[in-house]
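Single-structure report; data block below.
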Amino acid sequence: MANCPVCQTEYTENTMNFCRNCGWDLAPYPLTFTDQIPEVFLQKERTKLTWARGAWSHLKLQSKLSNIEIRLQADTQERTQFKLQLQQLASQLEQVSAASPSSQSLELTVQKERDELKIQLAQSYELITQIKDQLETANRELAAWESSSDVLDLLIKGLSDPSEQVQRVAYQLLKQSPNPKAQKAINEQKPYRLFKPIFTHKNSGAIRSICISPDGKLLASGSGNSKVKVWDLDKGELIRTITGDVGALRAVAIGTDNQTLVGSSDDTTVRVWNLHTGELISTFTGHVGTVWSVAISPDNQIIVSGGSDKLVKVWNRRTEELLRTFSGHSNLVRCVAISPDGRNFISGSDDKTIKIRNLVTGEMIRTLAGHTGLIMSVACSPDGKILASGSGDNTINIWNLENGELIRTLTANSSVVNHIVIAQDGQTLVSANADNTIKIWNLHTGELIHTLTGHINPINSVAISPDGWTIASGSDDKTIQIWGVSV
């Protein structure tokens, strides 16, 4: 007989490969191998064992706390019932005392029951006090465990372990820990490599565009079947479908007020709806041909649109007035964006150029040339210092938005980059690609962090929640995938 080195469960040697209690690998090394194991390998295995023991200890403490809390809740409910019974007996005693002298025996009976109940109540108080002491002790043990820098460091290292199982356990334990060091670690080291599809929604048409509301609660999608749908991002549930006399949707955007939903379509219009009711508020007409892209300013006052007529138009959202029209591109305008400070807007075109203009004066600031393919998407970093562009040449360019210099080119793509977004942390870039993949990048180093697979057709649009813990994607396969860490 032997004991599992992690949870100490007893087992018969050579009868099982994994512990039935904690899952630790119990299979012995071959005898011919044990004499040749390098010390560096043994040290690595000892580190993993230390980590696993700490993780198991934490889980046992969590279970102990849970059981104690259940007992405390049950005994508290029992104490409440005792109190109610005492009140009822006291009421009966008053009624008996006010009755005729012949009821003296009944009064004695009620008094006896009340005395017995008082004893039970006192015992219940004593038991609850004991349980509370146990709870405080368990909480102290848990706090001591989580405050141990050695254990926390092992869990943080676990996020980078080659084993996905170790990564997931480390993430789960750190996510539950109130220790600021644990929270800082998972925020700085978001485990995108653990992302899996959490929800998948099938649609009747190809998904052309998606966006997530600034408060992270809602997802809006526009599709080739002329419908805009609004979803609950956390639950993955469809809230409403907005239909009407519109063409295939090409782009959707949500204002910073979490109220304004803007969409552009093949029918040459830009429309504004109330995100929460689906009510149509405004319809802007002026483009000749498909309106490929739309953006709304940070103050929710200005809408910018770009179309197949090679024009960029600027609208006043409230007065519905066309403020100005810009030419300059020699081919259709496929994407537009507004800088976070609301001062400039950016347009990308099939003419392979990016133009930056002052939103108020219309002054041309600069033209960026560097891609050899169509400009499919542009995105600004939250601090307004970096511009990213995705192209039909299979690359993503990272530009200095302040001076127009090309910082780096991301080349680890094998297909057209259909759409890009930059996360609110200013560190992460997500791209939707024609090879059916989503790629997650470090914006500042250009490192490819992870690739998500699951769609069976090109992905047209991608969005990331403000907290960075959820990614959504829309594809030609008529599905929306919502991705995150599921433990």
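Everything quoted here is computed from the prediction, not taken from an experiment.
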Please confirm whether the backbone N or O of [Y] pairs with a side-chain atom of [X], one donor and one acceptor, at under 3.5 Å?
X	Y	value
D425	T428	yes
N400	E405	no
T256	P298	yes

Taking side chain as C-beta onward, heavy atoms only, is [X] less than 4.5 Å from [Y]?
X	Y	value
I303	V314	no
V262	V270	yes
T269	F284	no
I398	L429	yes
I459	N433	no
L374	S391	no
Y171	L194	yes
K229	I242	no

Is there a donor-acceptor contact under 3.5 Å linking the side chains of [X] and [Y]?
X	Y	value
S221	W231	yes
S414	D435	yes
Q481	T200	yes
W292	S308	no
S204	N225	yes
T367	K355	yes
H455	N436	no

Give, for atom [atom1] of [X] and atom [atom2] of [Y], the distance between the pair rounded to the nearest 0.5 Å.
X	Y	atom1	atom2	result
I480	S473	CD1	OG	8.5 Å
S297	Q301	OG	CD	6.5 Å
L238	D232	CG	CG	10.5 Å
W273	Q259	CH2	CD	16.0 Å
L448	W441	CG	CH2	5.0 Å
N344	E363	CG	CD	9.0 Å

For [Y], is there an ion pair with [X] - N to carboxylate O distance below 4.0 angstrom?
X	Y	result
K313	D309	no
D266	R250	yes
K310	D350	no

Walk me through whether T353 and H329 qualify under side chain to side chain contact (heavy atoms under 4.5 Å, CB included).
CA-CA 8 Å; T353 69; H329 284 294; 3.5 Å; yes

Can you name the nearest heavy-atom pair linking I302 to I338, along with the distance?
O-CD1, 4.4 Å

Verdict with supporting geometry, S377 and N418, side-chain hydrogen bond (donor to acceptor under 3.5 Å, both in side chains):
CA-CA 7 Å; S377 180; N418 286 329; over 6 Å; no

Just checking K352: does its NZ atom have more than 12 heavy atoms from other residues, nucleotides or ligands closer to it than 6.0 angstrom?
no

If you count heavy atoms of other groups shown closer than 6.0 angstrom to NZ of K439, is the number above 12?
yes

Quickly, which of V417, V462, L410 forms a side chain to side chain contact (heavy atoms under 4.5 Å, CB included) with S431? Name it, please.
V417

Take S389 and N397, measure what side-chain hydrogen bond (donor to acceptor under 3.5 Å, both in side chains) needs, and give me the verdict at the end.
CA-CA 5 Å; S389 56; N397 277 349; 4.6 Å; no

Evaluation steps, side-chain hydrogen bond (donor to acceptor under 3.5 Å, both in side chains), between H201 and T479:
CA-CA 5 Å; H201 304 289; T479 68; over 6 Å; no

Name the orientation class of the two ring planes belonging to F345 and F326 (parallel below 30°, tilted from 30 to 60°, perpendicular beyond 60°).
tilted

Run the side-chain hydrogen bond (donor to acceptor under 3.5 Å, both in side chains) test on H287 and S305 for me, step by step, so that the C-alpha distance in whole Å, both residues' side-chain angles and the decisive distance to 0.1 Å come before the verdict.
CA-CA 9 Å; H287 280 286; S305 58; 2.8 Å; yes

